[in-house]
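Report on the following structure.
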Amino acid sequence: MRAVQYRTVGSPPEVVEIPTPEPGPGQVRLRVTAAGLCHSDEFVMSLPEGVYELPLTLGHEGVGVVDALGPGAAGVSVGDAVAVYGAWGCGVCHACARGAENYCPHASSLGIQPPGLGAPGALAEYLIVDDVRHLVPLGDLDPVAAVSLTDAGLTPYHSIVSSLDALPAGSTAVVIGVGGLGHVGIQILRAITGATVIALDVDEEKQKLAREVGAHRALHSDESAVAAIRDLTGGVGAQVVFDFVGAPPTLEIARQAVAAGGRIEIVGIGGGTLATGFFSTPMGASVRAPYWGTRAELIEVLDLARAGAIHVETERFTLDEAPEAYRRLHEGAIRGRAVVVP
Ligand code: NAD
Ligand code: ZN
């Protein structure tokens, strides 16, 4: 089969021919119908030698059709359309029992890694899923439109749900970075909270996208944004700042724009850290760096899309065009999410 692999540190990903994998005991093989490209893949490809075993088949957003069941695998049938829950955990601990496999404390010591982030990923013709519990029925959702809900939808949803009590009517939420995650985050905020949404991006096209998907305001992301947010909130600041960039300048905006008692959600992996304490963050403010989402939340995100409350703006590529799609992602030239159809 053909797959998109990151093979050598410092080199771009390549389309290669590799053996089609056979599902082992309890495993399921999917024929991939769509796979999404995430900025985290860029992060993976920026890491030094030895962090991930190479070659690595990329792609942690995947949907497909059940193609073969390994010995003992049950609960799905060949031909079922499914979405992959990618934050694989051990499946038996307290976190996993709650569906929060994204916070499984045992995954790393057991060598369990998500597809595309250690295990072979979805940017291939076929994908092995380790357990039936990591599949969610896709139903009538279109694969290309739905695939990025598994991360670009699930990750902001998990972050927003965690801060839901801070976002009643009259509150303000700031979204920094209107890329794959941010543009879905804006829609989720509009769909499930009463907050006024202020979006920030350095790119005017992304500011335009923010307004199109429901942001009340979209501003340029620089030092002037803090004063504008203070102004729009009567001096109070934002109850929650969702930073989908996570770089030093955006964290500084978050620190200065958050209200007393507010929350800062650092979702982006942009290399920044935020010192928290007296005379750094406002009194009572909390700072959190959430990771991906729970299995239950993925079902909820798919339901939100099915209800027409959220959607993903997509740009479509073939498997052969995936390296080019990554180049465009690197340049910040993708509107919404790049989706590969093998
Ligand atoms: P993306 O490339 O699609 O979007 C990034 C957006 O940020 C672009 O619109 C870009 O113009 C904008 N941007 C860049 N610098 C900015 C600045 N200084 N101020 C405001 N906007 C700026 O990226 P994505 O796929 O949406 O991912 C966003 C981040 O979230 C990445 O760092 C990614 O690694 C991370 N991520 C984290 C998790 C998690 O579980 N925490 C999951 C998925 C992705
Ligand atoms: Zn991701």
Are [X] and [Y] ion-paired here, with the side-chain N under 4.0 Å from a carboxylate O?
X      : Y      : answer
Arg295 : Glu101 : yes
Arg327 : Glu324 : yes
Glu212 : Arg335 : yes

| query | Hey, are His220 and Asp201 close enough side-chain-wise for a donor-acceptor pair under 3.5 Å? | reply | no
Linked, directly or transitively: [X] and [Y] (ILVMFWY side chains, under 4.5 Å):
X      : Y      : value
Val178 : Val241 : no
Ile266 : Val240 : no
Ile128 : Leu30  : no
Leu200 : Ile264 : yes
Leu58  : Val129 : no

Is there side-chain contact between [X] and [Y], with at least one heavy-atom pair below 4.5 Å?
X     : Y      : answer
Met1  : Pro21  : yes
Leu69 : Val66  : yes
Leu37 : Leu123 : yes
Val28 : Pro23  : no
Val82 : Val136 : no

Step through the shown structure and confirm whether more than 12 heavy atoms of other residues, nucleotides or ligands are within 6.0 Å of [atom1] on [X].
X      : atom1 : answer
Arg217 : CZ    : no
Glu14  : CD    : yes
Arg31  : CZ    : no
Arg316 : CZ    : no

Under 3.5 Å, side chain of [X] to main-chain N/O of [Y], donor-acceptor pair present?
X      : Y      : value
Thr318 : Glu321 : yes
Asn102 : Tyr291 : yes
Arg306 : Leu138 : yes
Thr233 : Ala238 : no
Asp142 : Ala145 : yes
Ser159 : Pro156 : no
Arg7   : Pro55  : no
His216 : Val197 : yes
Ser163 : Ala166 : no
Tyr52  : Tyr6   : no

| query | CD1 of Ile186 to CD1 of Ile310: how many Å apart, nearest 0.5 Å? | reply | 12.5 Å
| request: In sequence, state the C-alpha distance, the side-chain angles, and the governing distance for Ile160 and Tyr157, and then conclude on side-chain contact (heavy atoms from CB on, under 4.5 Å). | output: CA-CA 5 Å; Ile160 291 164; Tyr157 184 80; 5.9 Å; no
| message | Show every side-chain hydrogen bond (donor to acceptor under 3.5 Å, both in side chains) that has at least one partner inside residues 164-177, sequence neighbours left out. | response | Asp165-Arg263
| request: Mind jotting down which residue pairs meet the side-chain hydrogen bond (donor to acceptor under 3.5 Å, both in side chains) criterion with at least one end in residues 240-258? Sequence neighbours excluded, please. | output: Asp243-Thr250, Glu252-Arg255, Glu252-Gln256
Please name all residues satisfying side-chain contact (heavy atoms from CB on, under 4.5 Å) with [X], sequence neighbours left out, ordered by chain then number.
X      : result
Arg98  : His94, Ala95, Ala100
Arg2   : Val15, Glu17, Glu125, Leu319, Asp320
Thr150 : Glu61, Ala83, Leu298

| query | Do Val312 and His183 pass the side-chain contact (heavy atoms from CB on, under 4.5 Å) test, and can you show the C-alpha distance, the side-chain angles, and the key distance before you say yes or no? | reply | CA-CA 8 Å; Val312 183; His183 91 288; 3.9 Å; yes
Measure across [X] and [Y] and return the closest heavy-atom pair with its distance rounded to 0.1 Å.
X      : Y      : value
Gly177 : Val245 : CA-CG2, 3.8 Å
Ala124 : Ala3   : CB-CB, 3.7 Å
Val267 : Pro290 : CG2-CG, 4.0 Å
Ile253 : Ser221 : CD1-OG, 3.7 Å
Ala35  : Ala122 : CB-O, 3.4 Å
Cys93  : His106 : CB-CD2, 3.5 Å

| task | For Leu181 and Phe242, run side-chain contact (heavy atoms from CB on, under 4.5 Å): C-alpha distance rounded to whole Å, both residues' side-chain angles, the deciding distance at 0.1 Å, then the answer. | result | CA-CA 10 Å; Leu181 273 66; Phe242 297 94; over 6 Å; no
| task | Take Val339 and Glu315 through the side-chain contact (heavy atoms from CB on, under 4.5 Å) test and state the conclusion after the steps. | result | CA-CA 6 Å; Val339 173; Glu315 289 192 36; over 6 Å; no
| Just one of Leu154, Leu135, Ile299 clears the side-chain contact (heavy atoms from CB on, under 4.5 Å) bar with Tyr85, so which one? | Leu154
| field | Axial cation check for Tyr126 ring with Arg29, 6.0 Å and 45° limits | value | yes
| field | His158 and Tyr103 aromatic ring geometry - parallel, tilted or perpendicular at 30°/60° bounds | value | tilted
| note | Sequence neighbours excluded, the answer for ring pair (Phe, Tyr, Trp, His ring centres under 6.0 Å) partners of Phe317 is none
